[in-house]
Visitor: 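Handing you a structure now.
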Protein chains: 2
Amino acid sequence: MGLEERRRRERENRKNAILKAARRLFFEKGFKPVTVESIARKAELSKGSIYLYYNSKEEIYTQILLNDIDKFHNHIAALLQTPSSASEALVRLANIYVDFFLNERELFRILMTFMLHTTDMNLPDDLNTHIIKTTNKTIDIIEQVFKYGIERGEFPATINLRQSRNAIWGMLNGIISLHLFTGIETKRAEAIRSTIKAGLDTYIRGILTPNPGL
Amino acid sequence: MGLEERRRRERENRKNAILKAARRLFFEKGFKPVTVESIARKAELSKGSIYLYYNSKEEIYTQILLNDIDKFHNHIAALLQTPSSASEALVRLANIYVDFFLNERELFRILMTFMLHTTDMNLPDDLNTHIIKTTNKTIDIIEQVFKYGIERGEFPATINLRQSRNAIWGMLNGIISLHLFTGIETKRAEAIRSTIKAGLDTYIRGILTPNPGL
DNA sequence: TGACTAACGGTCATATACTGACCAAAGTTC
DNA sequence: GAACTTTGGTCAGTATATGACCGTTAGTCA
């Protein structure tokens with residue numbers, strides 16, 4: 001059924017045209033100043049049409065992150081194929097994560113907006129679930145690096161994996177939050193990288209130092 | 001108004017998709033065996049949609065010729081820029097004309113169908129006019145070649161231009177009719193070319209020979 | 001040769017998709 | 001605190017598309 005296939009394709013194309021227009025505008029101006037009307041105009045549609053494809057302005061906003069973060073995960077997947085120490089892998093993973101958000105800062109804002117305002121976003125359940133799963137995927141990859149370190153004898157088997165992975169993820173996001181939108185613009189990237197490097201080094205040293213209380 | 005522009009583009013694209021599908025099917029099977037339903041399916045539309053863009057099956061058929069013949073005229077336009085004798089130009093024009101139809105035989109059938117069944121084609125007036133103008137354009141080019149010959153002293157000024165151009169056009173079409181669809185397939189092109197060459201040579205000799213009756 | 005059937009060009013009632021005026025809520029101004 | 005403006009989201013009206021249906025034509029059969 002070519003006819004049905006064409007209609008499906010047109011719907012898909014329409015959705016993508018909306019996302020593309022929205023992405024451009026959000027990245028240029030941020031969430032608030034961009035109106036649904038302006039997205040509609042850039043996508044060459046009416047405002048009513050936007051709501052045929054997306055439930056809300058927030059849904060469009062978060063869908064942008066979901067579209068982009070697949071590339072990040074594909075990139076990360078290659079990381080674990082490259083032979084190296086677990087410590088090196090962890091640093092490299094952190095750098096790729098940071099690069100992803102440095103490349104487009106608005107993506108980080110989208111992630112944080114979601115993390116901080118989940119219940120206010122008015123997202124359909126499946127989109128909520130999808131974002132959570134996607135975020136967890138990143139966290140799981142961090143956990144795999146720790147497991148890899150234990151397997152190679154690099155890290156002690158006594159590490160609390162869940163705790164460590166959450167701590168690393170939190171630290172990455174916390175450091176990025178501190179420096180991505182504030183400070184001297186030309187020094188932000190370096191500030192993030194060096195702080196993360198120092199933080200990871202210290203955390204890893206902590207892992208390797210026997211706990212005298214045990 | 002991007003929205004209106006997009007809608008206009010979509011209509012244009014839809015029309016072109018129909019023409020493209022129709023062209024493919026007509027060239028493969030000819031006019032009769034191709035149904036409007038089959039064109040619709042190939043264009044990934046419903047049959048009712050076809051009639052939103054074209055008034056009839058015949059209109060689609062003739063529109064195909066109109067789309068293609070522009071290329072022919074552009075090609076021919078270059079001809080008159082190349083310095084040569086009028087006789088040579090005439091032969092070259094005839095060859096380009098023949099090539100055009102040899103390249104896609106169905107185009108000739110479309111032209112002849114129009115010429116022979118104009119009143120039965122149920123075409124809107126503007127399309128009728130357009131085809132007539134387009135056909136006349138070809139005839140006018142032939143006339144210009146004769147004028148060129150007179151200007152250079154190659155042909156006598158006593159030539160009846162209208163008569164000659166119509167005779168040449170008729171001869172070309174008549175010869176093509178004779179050989180395009182009948183005879184041994186591998187010999188058809190050559191049969192047409194050589195017959196046209198001979199016919200043109202004879203006609204030109206006739207032009208150059210003083211009429212003793214005058 | 002007339003009755004019947006199948007096929008298909010073209011039509012149009014219905015379905016689907018889209019639009020932008022409108023409403024309610026929130027923020028701003030006086 | 002009232003009036004005003006802006007904007008996310010809604011929905012009645014409009015635009016576009018679909019495919020069942022009808023009328024006509026051509027072919028078949030008795």
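Note on naming: letters A, B, ... go to the chains in the order of the sequence lines (proteins, then strands), and numbering restarts at 1 for each one.
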Visitor: Is there a donor-acceptor contact under 3.5 Å linking the side chains of B:Thr135 and B:Thr138?
Guide: no
Visitor: Starting from C1' on D:dA15, measure out to CD on B:Glu4 and report it in whole angstrom.
Guide: 11 Å
Visitor: Rounding to an integer number of Å, can you tell me how far B:Glu44 CD sits from D:dT18 C1'?
Guide: 15 Å
Visitor: Within the 3.5 Å criterion, strictly below it, is a donor on A:Asn173 or A:Tyr97 matched to an acceptor on the partner's side chain?
Guide: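 Side-chain D/A pair, A:Asn173 to A:Tyr97: present.
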Visitor: Kindly point out which of D:dT7, C:dG20, C:dT11 is positioned nearest to the side chain of B:Tyr51?
Guide: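 Of all the options, the side chain of B:Tyr51 is nearest to C:dT11.
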Visitor: Give a yes/no on whether any side-chain N or O of B:Tyr53 is located under 4.0 angstrom from OP1 or OP2 of D:dA17.
Guide: yes
Visitor: Between C:dC8 atom C1' and B:Ile50 atom CD1, what is the distance in whole Å?
Guide: 14 Å
Visitor: Determine the contact category for B:Leu52: base if any of its heavy atoms lies under 4.0 Å from a base atom, sugar-phosphate if only primed atoms, P, OP1 or OP2 are that close, otherwise nothing.
Guide: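 B:Leu52: base contact, heavy atoms under 4.0 Å.
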Visitor: Could you check whether A:Lys57 gets within reach of a base, just the sugar-phosphate, or nothing at all, counting any heavy atom under 4.0 Å?
Guide: sugar-phosphate
Visitor: Pick the closest DNA chain C nucleotide for B:Glu58 and for A:Arg11 by heavy atoms, then say which residue is nearer the 5' end.
Guide: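 Checking each residue's closest nucleotide, the 5'-ward one belongs to B:Glu58.
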Visitor: What nucleotide, of C:dG9, C:dA21, D:dT18, holds the atom closest to the side chain of B:Val36?
Guide: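 Ranking C:dG9, C:dA21, D:dT18 by closest atom to the B:Val36 side chain puts C:dG9 first.
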Visitor: Any side-chain donor-acceptor pair under 3.5 Å between A:Glu106 and A:Tyr61?
Guide: yes
Visitor: Whole angstrom is fine here: how far is it from CG in A:Asn55 over to C1' in D:dG9?
Guide: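 Going from A:Asn55 (CG) to D:dG9 (C1'), I get 11 Å.
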Visitor: Nearest whole Å is fine: how far is D:dT18 P from B:Ile18 CD1?
Guide: 10 Å
Visitor: Below 4.0 angstrom, N of the basic side chain to O of the carboxylate: do A:Arg193 and A:Asp99 qualify?
Guide: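 The answer is yes: the pair qualifies as a salt bridge.
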Visitor: So does B:Arg6 get a side-chain nitrogen or oxygen closer than 4.0 Å to the phosphate oxygens (OP1/OP2) of C:dT19?
Guide: yes
Visitor: Rounded to whole angstroms, how far apart are CD on A:Glu37 and C1' on D:dT10?
Guide: 14 Å
Visitor: To the nearest angstrom, how far is A:Leu25 atom CG from D:dG8 atom P?
Guide: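 In whole Å, D:dG8 P lies 12 Å from A:Leu25 CG.
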Visitor: Figure out the OH/P separation between B:Tyr61 and C:dG10, and round it to whole Å.
Guide: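 Whole-Å distance recorded here is 15 Å.
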Visitor: Looking at B:Ser49, I'd like to know whether one of its side-chain N or O atoms comes within less than 4.0 Å of OP1 or OP2 on D:dA17.
Guide: no
Visitor: Heavy atoms only, 4.0 Å cut-off, all strands: where does A:Arg14 land among base, sugar-phosphate and nothing?
Guide: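 Result for A:Arg14 = sugar-phosphate.
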Visitor: Kindly confirm or rule out a cation-pi arrangement of A:Arg109 over A:Phe181, judged by NZ or CZ under 6.0 Å from the six-membered ring centre and within 45° of its axis?
Guide: yes
Visitor: Choosing from C:dG9, D:dT18, D:dT7, which nucleotide comes nearest the side chain of B:Lys47?
Guide: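 Comparing C:dG9, D:dT18, D:dT7 against the side chain of B:Lys47, the answer is C:dG9.
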